[in-house]
Amino acid sequence: MNHSQLESLTVQVFSVSRCDRWQARERLQALSIPCHCTADGCLVVEINSPLAVIQLKSVVQQLTASRAELVNWLENCWEMD
């Protein structure tokens with residue numbers, strides 16, 4: 001499937017705490033992923049590609065994972081061939 005065949009998907013992110021959603025929004029916008037925070041504090045993200053899915057997962061992981069989980073993830077990345 002090529003990128004031109006992908007449809008846009010709009011998702012609401014609830015796993016990030018309300019106070020961190022603005023930080024997530026800023027990071028996602030820096031990555032050119034369309035998103036906004038609604039008046040009630042929800043983070044709404046438009047996914048247009050597989051790369052955007054991976055980047056969204058990474059941003060959410062950085063804001064929700066414990067330090068130990070992030071260290072473990074990084075160590076696993078270094079061990080990959």
Side-chain angles (χ1 to χ4, degrees):
M1 177 184 291
N2 74 36
H3 297 288
S4 63
Q5 295 173 330
L6 293 177
E7 293 184 23
S8 177
L9 173 67
T10 301
V11 296
Q12 287 188 341
V13 178
F14 295 103
S15 58
V16 176
S17 70
R18 190 169 180 165
C19 62
D20 288 335
R21 289 180 191 158
W22 292 101
Q23 182 179 354
R25 179 186 63 91
E26 291 295 318
R27 181 64 184 131
L28 291 168
Q29 287 180 343
L31 293 167
S32 299
I33 297 174
C35 61
H36 65 277
C37 288
T38 61
D40 63 357
C42 290
L43 175 61
V44 180
V45 182
E46 187 176 330
I47 302 298
N48 295 314
S49 70
L51 179 59
V53 172
I54 294 167
Q55 290 173 319
L56 173 60
K57 179 192 178 296
S58 177
V59 169
V60 169
Q61 179 182 11
Q62 290 174 22
L63 294 170
T64 60
S66 69
R67 179 177 169 80
E69 290 171 319
L70 293 173
V71 167
N72 185 47
W73 174 79
L74 186 56
E75 288 174 346
N76 287 338
C77 289
W78 286 337
E79 292 174 3
M80 290 182 151
D81 290 328

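Values reported hereafter were calculated over all heavy atoms of this structure, with side chains retained and with hydrogens, waters and symmetry mates removed. Numbers here are sequence positions counted from 1.
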Return the set of residues passing side chain to side chain donor-acceptor pair (under 3.5 Å) with N76 (not counting sequence neighbours), or none when no residue passes. none
Side-chain donor-acceptor contacts of residues 52-64 below 3.5 Å, not counting sequence neighbours, with atom names and distances?
unit_1: S58; atom_1: OG; unit_2: Q62; atom_2: NE2; d: 3.3
unit_1: T64; atom_1: OG1; unit_2: V60; atom_2: O; d: 2.8

Identify whether V16 and L9 are in the same connected component of the hydrophobic contact network (ILVMFWY, side-chain heavy atoms under 4.5 Å). yes
Who else is in F14's hydrophobic cluster (ILVMFWY, side-chain heavy atoms under 4.5 Å, direct or via others)? none
Can you give each donor-acceptor pair under 3.5 Å made by side-chain atoms of residues 22-33, sequence neighbours left out, with the distance rounded to 0.1 Å?
unit_1: R25; atom_1: NH1; unit_2: Q29; atom_2: OE1; d: 3.2
unit_1: Q29; atom_1: NE2; unit_2: C35; atom_2: O; d: 3.1

Here the side-chain hydrogen bond (donor to acceptor under 3.5 Å, both in side chains) pairs for residues 33-43, sequence neighbours left out, are T38-D40
Side-chain donor-acceptor distances from residues 67-74 under 3.5 Å, at least two apart:
unit_1: E69; atom_1: OE1; unit_2: S66; atom_2: N; d: 2.7
unit_1: E69; atom_1: OE1; unit_2: S66; atom_2: OG; d: 3.3

Which value, rounded to the nearest 0.5 Å, describes the distance between R21 atom CZ and C37 atom SG? 8.0 Å
